[in-house]
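One structure below.
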Protein chains: 2
Amino acid sequence: MPDNLTQSPNFSAIDFLRTRSLANVVQAEIERMIVDGELKPNERVNENGLSQQLGVSRGPIREACSALAAMGLIEIIPNRGFFIRALSNDEAQDLSEARAAVFGCMAMMLAERVTDAQIAILRALLQRMDEIVELGDYHVYYPVNLEFHKQIGEMAGNNRLHLIYQSFVRELHIQRYRALASQDVLKISNAEHREIVDALESRDPIRALTAGRAHILNGIVRTRNAGRPGETAASAPSKPARKSRTAPNATGKS
Amino acid sequence: MPDNLTQSPNFSAIDFLRTRSLANVVQAEIERMIVDGELKPNERVNENGLSQQLGVSRGPIREACSALAAMGLIEIIPNRGFFIRALSNDEAQDLSEARAAVFGCMAMMLAERVTDAQIAILRALLQRMDEIVELGDYHVYYPVNLEFHKQIGEMAGNNRLHLIYQSFVRELHIQRYRALASQDVLKISNAEHREIVDALESRDPIRALTAGRAHILNGIVRTRNAGRPGETAASAPSKPARKSRTAPNATGKS
DNA sequence: ACAATACTGTTGACAATTAACAGTTGACGT
DNA sequence: ACGTCAACTGTTAATTGTCAACAGTATTGT
């Protein structure tokens with residue numbers, strides 16, 4: 001249970017995250033709650049409850065939710081409130097494909113301008129991942145893998161595209177569409193990484209695009225086969241169905 | 001001067017736009033103000049002034065700004081407030097390239113699954129644009145051009161990517177990076193459209209990607225040559241230099 | 001440098017809307 | 001005609017949407 005956020009006399013780590021104000025902290029906290037399952041998909045965000053729980057008034061919470069809604073993580077229903085957005089399987093598929101497309105594009109753009117020094121950096125990461133693959137420890141592999149992707153995004157030189165990509169990754173993460181992997185999968189994954197770097201080194205944009213896109217798409221397939229075919233979408237109640245009297249028969253008095 | 005939004009006893013068109021609440025209306029209004037130049041880049045959003053001007057309290061305005069900030073149209077500086085985001089030339093370039101990349105991706109994905117019926121629809125639009133080119137009227141051409149791009153986005157079958165693309169277009173529009181075009185430019189533009197459709201018809205993803213991306217990138221070059229090399233970024237003061245309490249009387253308590 | 005001031009960040013309270021509950025009416029089957 | 005059931009209506013509790021006021025911060029003028 002998170003402590004009171006505002007009036008603690010001596011500041012904790014919260015003061016650190018305070019890039020803007022409470023609204024920002026609240027936003028991060030809500031994202032965390034979604035990741036940790038404290039807020040489930042299709043659930044309403046109870047503003048009173050949250051404000052009480054976080055020791056903050058409703059204003060910052062509403063601001064945070066508005067921002068989250070603009071990012072697509074929260075849905076707004078008029079006079080009903082903010083709802084945690086649940087991705088249907090189709091939407092998750094779209095999101096993953098979009099991620100693949102954007103990543104492919106970044107690889108393509110990078111191939112058009114990559115320097116030898118950058119290649120060297122990527123190869124170094126590649127080697128580190130190779131070593132980790134031998135250990136077969138996914139939890140060590142994952143952050144390096146993330147770093148590899150992030151490097152490509154930054155090297156591609158298009159900040160906007162990179163931001164989009166990062167938001168995709170984060171949203172998929174929040175929605176618990178994460179790859180879990182055996183050693184074999186890690187090996188394949190890194191082989192694809194190598195193909196990407198090779199494509200970059202050959203300065204072949206199309207090849208880089210293809211390799212980058214395929215890498216993400218393959219990851220989707222692997223995730224699916226790994227046995228979580230969309231736990232959020234499948235099990236959740238379909239919609240916040242309002243079962244009031246107005247719905248079924250429009251007899252209506254006039 | 002817009003009328004009071006809240007307590008009009010008989011509803012006007014406002015009730016129509018009211019998908020959520022005042023915050024939504026305010027958001028749309030702010031976007032309009034940016035487009036119309038009432039809010040200039042790097043200018044601070046005076047919450048008091050706006051609230052007074054719109055007849056709304058500051059709450060909805062802050063929510064709207066939070067959403068806009070999440071979309072990248074507004075920048076937040078702690079304890080200074082919300083600022084209309086100004087795109088530097090580099091950022092505008094990034095944005096345009098990102099748009100080109102995403103559009104190219106959509107074309108590519110469409111090429112992998114396009115039906116003959118869809119091709120026919122695109123060809124029909126193509127022909128209409130051909131006819132308009134003869135007239136040389138940009139203002140007639142533009143909406144059809146928009147429709148063409150939108151169709152491709154929808155046909156590509158990836159909603160998320162399409163949304164991103166639309167937000168790019170809108171942001172560029174808001175930032176006044178609009179193409180103005182002579183008849184020659186229109187002719188070239190539509191020739192590129194035709195190449196895209198040809199690529200789609202040949203079911204060649206790479207060709208479609210290349211054609212789609214090139215079309216947007218060429219558009220950037222054309223816009224630049226047309227003589228507005230970034231009026232917003234070039235002329236604006238580099239950073240929020242608050243010159244004075246320009247809004248003369250924002251506070252007037254009562 | 002210091003005081004005045006305008007403005008943001010935040011809060012608590014109020015009004016409006018909604019969903020749920022209980023009570024009533026009407027119809028249908030037995 | 002009686003009893004059961006379904007649908008409809010009025011009321012209540014809960015929650016959202018909005019506002020006005022307070023406290024803290026950065027900026028301006030002297």
Side-chain angles (χ1 to χ4, degrees), chain A residues 4-7 11 14-15 18-27 43-67 69 74-83 239-254, chain B residues 4-9 11 14-15 18-27 43-67 69 74-83 239-254:
Chain A
N4 194 313
L5 256 47
T6 45
Q7 51 257 57
F11 306 127
I14 288 149
D15 198 70
R18 195 163 175 156
T19 40
R20 173 159 76 100
S21 60
L22 290 188
N24 243 336
V25 180
V26 170
Q27 181 173 336
E43 187 176 330
R44 200 190 70 245
V45 178
N46 189 330
E47 302 174 11
N48 274 326
L50 246 188
S51 70
Q52 203 163 330
Q53 187 177 348
L54 300 180
V56 175
S57 84
R58 279 175 53 218
I61 289 178
R62 288 181 63 83
E63 287 183 30
C65 286
S66 295
I74 277 184
E75 192 178 356
I76 300 175
I77 301 182
N79 291 317
R80 296 273 316 275
F82 301 97
F83 290 79
K239 263 293 175 185
R242 59 168 67 187
K243 48 188 169 184
S244 107
R245 50 183 169 224
T246 52
N249 47 357
T251 166
K253 62 120 189 193
S254 57
Chain B
N4 194 312
L5 257 46
T6 45
Q7 51 255 56
S8 53
F11 307 127
I14 290 155
D15 198 72
R18 196 168 175 153
T19 39
R20 173 157 78 96
S21 62
L22 288 188
N24 241 334
V25 180
V26 170
Q27 181 173 336
E43 186 177 330
R44 201 191 68 246
V45 178
N46 188 330
E47 301 175 12
N48 275 326
L50 247 188
S51 69
Q52 202 164 326
Q53 186 178 346
L54 299 180
V56 175
S57 83
R58 281 174 53 216
I61 289 178
R62 289 181 62 84
E63 287 182 31
C65 286
S66 295
I74 277 185
E75 194 179 353
I76 301 175
I77 301 181
N79 290 321
R80 296 274 315 274
F82 300 97
F83 290 79
K239 259 300 167 185
R242 88 200 259 157
K243 40 191 174 184
S244 73
R245 21 162 168 272
T246 52
N249 51 1
T251 62
K253 190 165 196 128
S254 75

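Both backbone and side-chain heavy atoms feed into the values below; hydrogens, waters and symmetry mates do not. Chain A is the first sequence line, chain B the second, and so forth, proteins listed ahead of strands; every chain is numbered from 1.
- For the pair B:Gln52 CD and C:dA6 P, the computed distance is 13 Å after rounding to whole Å.
- For the pair A:Phe82 CZ and D:dT16 P, the computed distance is 9 Å after rounding to whole Å.
- Computed from coordinates, the B:Leu50 CG to C:dA6 C1' distance equals 16 Å when rounded to whole Å.
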From CA spacing to verdict: side chain to side chain contact (heavy atoms under 4.5 Å, CB included), A:Arg44, A:Arg80:
CA-CA 8 Å; A:Arg44 200 190 70 245; A:Arg80 296 273 316 275; 5.7 Å; no
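- Distances were taken from every side-chain heavy atom of B:Leu22 (C-beta onward) to each of D:dT18, D:dA26, D:dT15; the shortest belongs to D:dT18.
- In this structure, CG in A:Leu54 is found 9.5 Å from CG in A:Leu22, a value given to the nearest 0.5 Å.
- With respect to A:Cys65, the side chain to side chain contact (heavy atoms under 4.5 Å, CB included) criterion is satisfied by exactly one of A:Ile74, A:Ile76, A:Leu50: A:Ile74.
- Closest to the side chain of B:Glu63, out of C:dT17, D:dT18, C:dG9, is D:dT18.
- D:dC19 atom P lies 11 Å from atom CG of B:Leu54, rounded to whole Å.
- A:Arg58 has its CZ atom 8 Å from the P atom of D:dG17, to the nearest Å.
- As a whole-Å value, the separation of A:Asn24 CG from C:dT8 P is 17 Å.
- Atom CD1 in B:Ile77 sits roughly 10 Å away from atom P in C:dG9 (whole-Å rounding).
- Residues forming a side-chain contact (heavy atoms from CB on, under 4.5 Å) with A:Glu43 (at least two apart in sequence, or on another chain): A:Leu39, A:Lys40.
- When each of D:dT15, D:dG17, D:dT18 is scored by its nearest atom to the side-chain atoms of A:Asn48, the top-ranked nucleotide is D:dT15.
- Using a 4.0 Å heavy-atom cutoff across all strands shown, A:Arg44 reaches sugar-phosphate atoms only and no base atom.
- Distances shorter than 4.0 Å separate some side-chain N or O of A:Arg62 from OP1 or OP2 on D:dG17.
- The side chain of A:Ser57 approaches C:dG12 more closely than any other nucleotide in the set C:dG9, D:dT16, C:dG12.
- B:Arg80 has no side-chain polar atom (N or O) that falls below the 4.0 Å cut-off from OP1 or OP2 of C:dC7.
- Comparing atom distances between the B:Asn46 side chain and each of D:dG17, C:dG9, C:dC7 picks out C:dC7 as nearest.
- Regarding B:Glu43, its CD atom lies at a distance of 13 Å from the P atom of C:dC7, rounded to whole Å.
- To the nearest 0.5 Å, atom CZ of residue B:Phe82 and atom CD1 of residue B:Ile77 are 11.5 Å apart.
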